[in-house]
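Structure record follows, encoded as structure tokens.
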Number of protein chains: 2
Amino acid sequence: MFAWLPLGLKVRRKIEAIIREEMENAGAQEVHFPALLPREPYEVTGRWEEYGDGLFRLQDRKGADYLLAPTHEEVFTLLVKDLYSSYKDLPLSIYQIQDKYRDEARPRAGLLRGREFTMKDAYSFDYTDNGLDTSYQAQRDAYERIFTRLGLEYVIVKADAGAMGGSRSEEFLHPTPVGEDTFVRSAGGYAANVEAYTTTVPDAIDFAALPEPTVFDSPDTPTIQTLVDLANAQQPRSDRPWTAADTLKNVVVALKHLDGTRELLVIGLPGDRDVDLKRVEVAVAPATVEAANEADFAKNASLVKGYIGPWSATGPMLGEESATSIRYLLDPRVVDGTQWVTGANIDQKHVFGLVAGRDFFADGFIEASDVRAGDPAPDGSGPLETARGMEIGHVFQLGRKYAEALGLKVLDENGKLVTVTMGSYGIGVTRILAVIAESNNDEKGLIWPRNVAPYDVHVVAAGREEVIYDVAGSLIESLEATGFDVLFDDRRKVSPGVKFGDAELLGVPIIVIVGRSAGEGMVELWDRRTGVRTPVAVADVALEVARL
Amino acid sequence: MFAWLPLGLKVRRKIEAIIREEMENAGAQEVHFPALLPREPYEVTGRWEEYGDGLFRLQDRKGADYLLAPTHEEVFTLLVKDLYSSYKDLPLSIYQIQDKYRDEARPRAGLLRGREFTMKDAYSFDYTDNGLDTSYQAQRDAYERIFTRLGLEYVIVKADAGAMGGSRSEEFLHPTPVGEDTFVRSAGGYAANVEAYTTTVPDAIDFAALPEPTVFDSPDTPTIQTLVDLANAQQPRSDRPWTAADTLKNVVVALKHLDGTRELLVIGLPGDRDVDLKRVEVAVAPATVEAANEADFAKNASLVKGYIGPWSATGPMLGEESATSIRYLLDPRVVDGTQWVTGANIDQKHVFGLVAGRDFFADGFIEASDVRAGDPAPDGSGPLETARGMEIGHVFQLGRKYAEALGLKVLDENGKLVTVTMGSYGIGVTRILAVIAESNNDEKGLIWPRNVAPYDVHVVAAGREEVIYDVAGSLIESLEATGFDVLFDDRRKVSPGVKFGDAELLGVPIIVIVGRSAGEGMVELWDRRTGVRTPVAVADVALEVARL
């Protein structure tokens, strides 16, 4: 939680003003909901529980349950339900700029991830899927205009809607090495959050002629590389050496379900890949995921650590003990007919030539492998590169989830009750400010983009002569008359050097130095970003500033 | 807690804009604090406990205590402590417009007293008492300008600072029959909250020649009036009959202290007066007050119900049992030498001619009596009249209470550390909106004052002919070009009558009806407040609106 000082608050208000203008341009109306909300609607949608420790919960003096809203889908839905009942009232887009509260496990980096933060959240209400597409596009377009006006580089990536459900979902990421999200993109235009990346599935292979698998002794193979070395020593391939990609790695993860139960899951994937727990988490949401621990292994004798092989509830088993209670899911690359060097579910034994679809089956597939530079874009637009970004906006189609849960229906043209379909559109206002600051500074201080700078012009009176203050005063008058916000450093007991340093620190983009030549009608225009100082006649300053 | 719809929110933003302008004019800078705050600073000042059930408290995932701030003195103080250390940094006035949370026992009347509400709270920081007076006056002046611009009638009354401590304290009350506060004022200019009224103390009377008191039987005197009747029957006065004002009523109240203990208190006051519990509460703050109950009497045999007389820890006692553990406080009118008909602390017995300062003493005086029309103003400016008002602003001098508790000191001109003195200045933003609405409506709907109306002009297209929409469109263009906010009712399937009704309901002060004569270049200007409709040429509308 942070306190805002005057200049930061001014920047924030300018960001908010740009967002409001573009929301208005997108046909959205501003409303405002309480931050403190009753439990009931969140109970109905299941989110009172789903949010887990991330929700700030409290009780009032009568013992009734409340929460500090982490997001407002429920009450927006209820408001529309309260006010409207006909298709004629739709489409409707409404938004608010309001504080949100999330009891983050790891708040970090100041405003980038705080526990109290400000969001613009908009919601659209339509009674047809086409209508939702139109409303979604209007918000998406508005977001593009907003980030462009804010001077913020962005990439639109396909996103997983996660706990929110819904269909179409895109994130606006600001590319930055300090970003929390990894995303991938191809030269051909594909871009996605790694959580939303889908693996290209190879064709199945005919396995009719493949030899039977053979079990072999494999002591001292704690890593994939040691296994590969042993395979190359024991049963060298004629065409090429065995590599990690020929092995099938079986990784045990633990799911924590909402009801508190813990479920083990074994994921089979090529040995040259790693499990990306964030991708797994998206696949198994709303459960959360962690690596299995020693206790998990101790409780499940069928899990022979270091020698786990595939099994399936529906297919033949390897190993001595049944383990059907544990689900086995495969990376989509492990198609029928692929052959693998993998664990035999027997201590110190592996197996050669285990064939998918013949020797083992899975309970299903899962997008669990990490995504890497060079992987193919799923739309065929070329190999991927990876980058880091910070989420600054998110547009997604909620569909009918909330409307169904809370009973938001309207009468359509035929007098039939239909459930409303919704979109949800969020921008992190306070986070954006932090991202702008992170991207606009040098070793001397901030360099605010003009559209969000706390002031348009910073006038520095550099010297003690009275004429300096007189000239500065009339200069400021003319600047303000032209419509500029001016910050005036009129401290008389502070040296010009200190004032210049403060001006660089504060980062107003245009600095006007009124100094020795003021008496001759000359001042200097100092561009904070380039550092260039240009002499300008006092009479021309307002015009010159306007030109910049 | 309330959700804001678009038009209400626009009114609120206009109120906030006026407040911001006048804060800036008063030299105050805007900052912004979290609503969710840690317990510690409120623990240091004692308010974590003092607020009792009125505070929303919660814990984060680590079990740390937080509160939803009911007011922000503590963190403003800590901010200044964090940033400043010298008298050169002062005076400083800073403010925020932020949501506040109070878990009211009796939230009422919508926005007038909600549990989540918005306040402008400003704080001044000075290192001398004179400085505080100047800062206080600047805020007080700003408040006068704000309420004037909002078109809100107000009375400035002396207020008790209550739990806040401090010296000078004034409330801005909006006179209204639905107000929660009773205040008194004299024709000569005195005005005060009844809690702040001080009784005029009469001169003491020489009691040397007064007769001894006499005890008399007084069965069946459940009320002051029955006692007076009995007195007139048993021992009639020669000069005039006994009246209620000759009796001394002794009322038992129970204090609830912060530490949970319950203390009984007996208050002696003239029988024609009633105890005003709110005035008592101010006098005994931070304890709270309620009437004594049967259990209190049962536990204290010395309290002879219906026959309680005065006693004192320092003076002679009446009655059979000692009651020194219960404090006895007197109304300031009960000066030495006054004679009273009062209880004898013996069942069914009263006493005549009990003389204050001779026959009984008190542990002190208390402002407990109700204040009435006709009572004298304490400054001698004439008799009081009473009225009801709603608090819309409060300015008061906190003094050094918070700075001392939180260690806010600065170095003065002599290099000596001095404790800072503070002022606190609050306006209830959302309450003001409700007060304006309460004072500006008729049976058809709202009538917003121009300065805060959601729109400047409401254009109604009254009819289906295309020319009406064409004329309305170009009219709106010219109005917007002149700088007016325009609401356009362009619904084509809604009758003019319904539109007129909606326009009256919404209460935009100027309505322009574009109807049948639009083709001839004529429209009607409709003054929402007076109801007068005036034909105006389309070309003159913008000018005419500007004139209004």
Side-chain angles (χ1 to χ4, degrees), chain A residues 1-10 12-13 20 24 28-38 52-62 64 66-69 72 75-76 78-79 82-83 88 94-99 101-105 107 114-118 430 491 493-494, chain B residues 1-10 12-13 20 24 28-38 52-62 64 66-69 72 75-76 78-79 82-83 88 94-99 101-105 107 114-118 430 491 493-494:
Chain A
M1 281 90 71
F2 293 90
W4 292 75
L5 295 180
L7 296 181
L9 192 57
K10 278 174 182 284
R12 175 172 156 178
R13 299 285 181 239
R20 283 200 172 93
E24 178 142 327
Q29 293 182 76
E30 188 174 4
V31 296
H32 197 75
F33 283 93
L36 182 61
L37 293 175
D53 287 343
L55 198 62
F56 283 108
R57 297 178 181 83
L58 66 156
Q59 294 193 322
D60 72 1
R61 60 163 71 217
K62 292 176 181 162
Y66 287 83
L67 57 91
L68 293 177
H72 281 78
V75 285
F76 270 85
L78 288 174
L79 178 77
D82 192 35
L83 295 177
K88 294 178 193 166
I94 47 183
Y95 77 99
Q96 66 175 350
I97 294 180
Q98 168 65 308
D99 295 332
Y101 295 85
R102 291 187 195 161
D103 196 357
E104 297 279 355
R115 297 198 291 174
E116 177 179 277
F117 58 99
T118 305
T430 44
R491 291 175 293 175
K493 291 184 177 168
V494 172
Chain B
M1 282 89 71
F2 293 90
W4 291 75
L5 295 180
L7 296 181
L9 192 57
K10 278 173 181 285
R12 174 171 155 178
R13 298 286 182 238
R20 283 199 171 92
E24 179 143 327
Q29 293 183 75
E30 188 173 3
V31 296
H32 197 74
F33 283 93
L36 182 61
L37 293 175
D53 286 345
L55 199 62
F56 283 108
R57 297 178 181 83
L58 67 155
Q59 294 193 322
D60 72 1
R61 58 163 71 216
K62 292 176 182 161
Y66 286 84
L67 57 91
L68 294 176
H72 281 78
V75 286
F76 270 85
L78 288 174
L79 178 76
D82 192 36
L83 295 177
K88 293 180 194 166
I94 46 183
Y95 77 99
Q96 66 175 351
I97 294 181
Q98 168 64 309
D99 294 332
Y101 295 86
R102 291 186 196 162
D103 196 358
E104 296 279 354
R115 296 198 292 174
E116 177 179 276
F117 58 99
T118 306
T430 44
R491 290 174 293 174
K493 291 185 176 166
V494 172

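Side chains are part of it too, since the values below use all heavy atoms of this structure and drop only hydrogens, waters and symmetry mates. To find a chain, count down the sequence lines: A is the first, B the second, and so on, and within it residues start at 1.
Of all the listed residues (Pro38(B), Pro6(B), Gly8(B), Gly54(B)), the one sharing the greatest number of non-hydrogen pairs under 4.5 Å with chain A is Pro6(B). When each of Leu36(B), Leu58(B), Leu5(B) is scored by its heavy-atom pairs under 4.5 Å with chain A, the top score falls to Leu36(B). Of the listed residues (Leu68(B), Asp99(B), Asp60(B)), the greatest number of heavy-atom pairs within a distance under 4.5 Å of chain A belongs to Asp60(B). When the candidates Gln59(A), Glu104(A), Lys88(A), Glu30(A) are compared by the number of heavy-atom contacts under 4.5 Å with chain B, Glu30(A) comes out ahead. Between chain B and the residues Asp103(A), Asp53(A), Leu7(A), the most heavy-atom pairs under 4.5 angstrom are made by Asp103(A).
The OG1 atom of Thr118(A) sits 6.5 Å away from atom NE2 of His32(B), with the distance rounded to the nearest 0.5 Å. Taking CD from Gln29(A) and NZ from Lys10(B), the interatomic distance works out to 8.5 Å, rounded to the nearest 0.5 Å.
Residues that satisfy the ring-ring contact (aromatic ring centres under 6.0 Å, His included) test with Phe76(B), not counting sequence neighbours, are Phe33(B), Tyr123(B). Residues that satisfy the side chain to side chain contact (heavy atoms under 4.5 Å, CB included) test with Asp82(A), not counting sequence neighbours, are absent from this structure.
Here the shortest heavy-atom pairing between Tyr101(B) and Ala35(A) reads OH-CB, 3.4 Å.
Contact of Arg12(A) with chain B is made through the side chain alone, with heavy-atom distances under 4.5 Å. Contact annotation for Arg115(B): only side-chain heavy atoms (C-beta onward) come within less than 4.5 Å of a heavy atom of chain A. Only the side chain of Glu116(B) comes within contact range of chain A, with heavy atoms under 4.5 Å apart. Only the side chain of Arg13(A) comes within less than 4.5 Å of a heavy atom in chain B; its backbone stays farther off. If you measure heavy-atom distances from Ile94(B) to chain A, you find no contacts under 4.5 Å at all.
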